[in-house]
Structure formats: structure tokens, C-alpha cells
Amino acid sequence: MKFNIWIEGKALVFIICVLIGILTAFVGSIAGLGGGIILVPSLFLMNHISPSFAWATPQTIVGISLVTMIFTALSSSLTYIKGRRVDYQTGILFLIGSIPGGIIGSRLNAYFDVDVFTLYFGLLMIIVSSLLFINKSVFKREARPNQKSVKTVELAGERYHYKVSVIPAIILSLVVGVLSGLFGIGGGSIMVPAMMLLFGIPTHIATATSMFMIFFVSISGTITHFVQGHILWEYVILFIPGAWIGGRLGAKVNQMLPGKTLEWILRILLIIVGLRMIIEGLS
């Protein structure tokens with residue numbers, strides 16, 4: 001059943017967009033997702049319930065999401081950098097694959113209609129959330145501190161050791177980059193679980209490094225969507241203030257939460273969004 005709610009006036013549309021921007025940036029920054037998994041379905045929902053959001057098509061929504069994530073990632077990354085949570089070396093390694101992947105995904109986005117987009121988006125979220133329920137030891141044991149190229153970090157009095165292999169990291173980041181450009185999700189919803197499961201990276205480091213990467217990936221994806229004419233600047237600017245505010249708040253909250261709490265936030269968010277988008281795509 002679809003409800004048709006008439007939202008009149010630019011002022012009300014402005015308020016709704018700012019609130020969506022704050023919420024998506026706040027949630028995305030806490031979990032290192034970039035906010036796309038909240039912003040994209042939120043705009044699809046507004047498109048279905050209000051004629052004032054008729055401009056929200058799969059292409060324009062992804063364009064808005066990518067531009068918004070530039071500011072979300074920048075604001076939260078600055079906070080994470082101050083807290084020394086970003087693994088720059090690993091982040092740059094992942095960018096080797098994710099930036100060209102983002103360009104490819106942005107071009108593929110032009111061929112998707114609304115129903116197909118929402119259905120695939122929802123399935124992707126469910127698959128990613130299911131990965132977070134798998135025991136990390138099934139994929140990888142914690143690296144020994146005396147091994148070559150092993151990184152050691154200490155968080156909340158606990159010491160972690162992990163190692164990132166170059167070739168698997170580049171292949172993974174290329175796939176994530178394509179999905180990021182295609183769905184406008186920033187890639188964090190896939191990259192964060194992958195960093196935790198495949199390489200044993202601690203949750204706090206994974207989320208912070210993910211936001212660092214999302215900043216650059218979003219820029220490359222935005223340029224591609226801009227060239228294709230998918231970015232409606234009159235609406236994009238409505239999300240930027242909320243993205244900046246929410247990004248900083250989310251990053252601060254992240255540093256106060258235990259790693260296990262962050263993992264459960266990731267699981268619940270991905271399942272809720274995934275189911276909502278699947279139902280929308282099938283209706």
C-alpha cells in the first residue's frame with residue numbers, strides 16, 4: 001500500500017532534506033558507512049509519498065548521496081584523525097581499486113530503473129549484514145605480532161594485530177568501488193565488514209579508515225555523475241549542512257562506543273534498510 005502525502009513549500013522540503021542529511025551522516029559516520037544506506041532509501045521513500053520529491057530518481061539520488069558523502073566523510077575523518085584512528089597506509093591501498101571501481105559503477109548506474117535498483121540495493125544490504133553474523137575466525141585468525149608487515153594498535157587497553165595483503169585488498173576495493181558508484185552507498189557498508197572479517201582489522205580502525213577512503217571515492221564518483229548530468233545542485237546544497245554536522249557528531253559518538261556495540265549497530269541497520277528496499281522493489 002502506498003500513501004500519497006502532499007508536502008508543500010520549499011521551506012518544508014528544505015527542512016526535511018536537512019534532517020535527512022543530519023540523520024544519514026550521523027548514522028553513517030558512527031558505523032563508517034558514509035550514510036548512503038540511509039540517504040538513498042530515505043529519498044526513495046519521500047519520492048513515493050510526496051510529489052514534491054518527484055525529482056528523486058535512482059540517478060539523481062545516487063548523485064546527491066555521493067556529493068553529500070564528501071562532506072560527511074571529510075567532517076568525520078577530521079575527528080577520527082584527531083583521535084588517531086585512521087590507518088592511512090591501508091586506506092591508500094584500498095583506494096587503488098576503489099577509485100576506478102567507483103567510476104565504472106557510476107557509469108553503470110544510468111541503466112537502472114527504480115524497481116530494479118531498489119531490489120538489488122536491498123539484496124546487497126541483506127548479504128552484507130549476514131556476513132557480520134559470521135565468526136571472524138572462520139575467515140582469518142589474528143596475525144602474530146612477529147610476522148612481517150603486521151600492524152599493531154591499542155584501543156581501550158586492548159592490543160590488536162592485523163595484516164592486509166596487497167592483491168586481495170586491491171581486488172576487494174575494486175568490487176566495492178563499483179558497488180559504491182552504482183548504488184551511491186560510499187562502499188563503507190561493504191568495506192567495513194570486509195576489513196573486519198578478511199583482515200582482522202579492529203572495528204574502530206575499520207570505521208575510521210572507511211570514512212577516510214569514502215572521502216576520495218565519493219569525489220571520483222561525483223565527478224562521473226556530474227559529467228552525466230545526474231547532480232541536481234539546487235537539492236544537493238540542502239544536504240550539505242546536515243552532512244557536516246551529522247558527520248562530526250557521529251564520529252565523536254563512535255569513539256565512545258565499544259566495538260561490539262558498533263557491530264550490532266551495523267547488523268541492525270543493514271537488515272532494516274535491506275528488507276525495506278526489497279519490499280519496495282517487489283511492490
Side-chain angles (χ1 to χ4, degrees), residues 28 31-34 36-37 69 73 76-77 80-81 83-106 124-125 127-156 158-183 185-221 254 259-260 262-263 266-267 270:
L33 307 181
I37 66 162
M69 282 189 293
S76 58
S77 291
Y80 285 131
I81 288 171
R84 298 184 178 182
R85 299 292 177 93
V86 178
D87 183 342
Y88 298 102
Q89 186 177 1
T90 298
I92 293 172
L93 176 62
F94 283 128
L95 286 174
I96 294 174
S98 57
I99 289 180
I103 296 173
I104 296 171
S106 297
L124 175 64
M125 293 300 97
I127 291 171
V128 173
S129 65
S130 66
L131 292 177
L132 287 171
F133 286 94
I134 298 175
N135 191 326
K136 297 182 184 66
S137 62
V138 173
F139 286 84
K140 182 178 177 66
R141 295 189 299 272
E142 184 177 355
R144 295 191 300 272
N146 58 346
Q147 286 182 312
K148 185 179 180 180
S149 303
V150 169
K151 297 176 181 294
T152 301
V153 294
E154 188 168 333
L155 298 170
E158 189 171 352
R159 186 164 293 180
Y160 300 87
H161 309 285
Y162 64 93
K163 180 180 179 180
V164 180
S165 302
V166 175
I167 301 301
I170 293 176
I171 294 173
L172 169 67
S173 61
L174 178 64
V175 174
V176 170
V178 172
L179 294 173
S180 171
L182 181 61
F183 293 107
I185 57 176
S189 56
I190 304 169
M191 187 59 78
V192 171
M195 285 194 285
M196 293 161 51
L197 291 170
L198 301 181
F199 304 113
I201 300 176
T203 307
H204 287 89
I205 301 298
T207 53
T209 304
S210 172
M211 295 306 297
F212 171 75
M213 292 163 45
I214 286 172
F215 172 69
F216 295 99
V217 175
S218 298
I219 290 176
S220 65
N254 169 282
K260 290 293 183 181
L262 291 176
E263 289 186 32
L266 273 169
R267 291 168 180 154
L270 294 174

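All values below come from the heavy atoms of this structure, side chains included, with hydrogens, waters and symmetry mates left out.
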Reported CD1-to-CG distance for the pair Ile214 and Leu95, which is rounded to 0.5 angstrom: 10.5 Å
Return the CE to CD1 distance between Met196 and Ile205, rounded to the nearest 0.5 Å. 12.5 Å
Test side chain to side chain contact (heavy atoms under 4.5 Å, CB included) applied to Ile171 - qualifying residues, sequence neighbours left out: Ile167
Rounded to the nearest 0.5 Å, what separation is found between the OG1 atom of Thr207 and the CZ atom of Arg85? 8.0 Å
Decide yes or no for Thr209 and Tyr80: does some side-chain heavy atom of the first lie under 4.5 Å from some side-chain heavy atom of the second? no
Here the gap from Thr90 atom OG1 to Phe199 atom CZ, rounded to the nearest 0.5 Å, amounts to 9.0 Å
Please list all pairs meeting side-chain hydrogen bond (donor to acceptor under 3.5 Å, both in side chains) that have one or both residues in residues 191-200, counting only residues at least two apart or in different chains. none
Return the minimal non-hydrogen interatomic distance between Ala206 and Ile201, and the atom names on each side. N-CG2, 3.7 Å
If I take atom CD1 from residue Ile81 and atom CE from residue Met211, how far apart are they, to the nearest 0.5 angstrom? 11.5 Å
Not counting sequence neighbours, which residues clear side chain to side chain contact (heavy atoms under 4.5 Å, CB included) with Val175? List them please. Leu179
With Ser220 via side chain to side chain donor-acceptor pair (under 3.5 Å) - residues at least two apart: none
According to side chain to side chain contact (heavy atoms under 4.5 Å, CB included), who are the partners of Phe215, at least two apart in sequence or on a separate chain? Ile70, Ala73, Leu74, Ile219
Minimum-distance pair of heavy atoms, taken over all atoms of Ala194 and Leu172: CB-CD2, 3.6 Å
CE of Met213 to OG of Ser77, rounded to nearest 0.5 Å, is 10.5 Å
Ile92: side chain to side chain contact (heavy atoms under 4.5 Å, CB included) partners, not counting sequence neighbours: Phe212
Smallest heavy-atom separation, Val86 atom then Ala208 atom, equals CG2-O, 3.9 Å
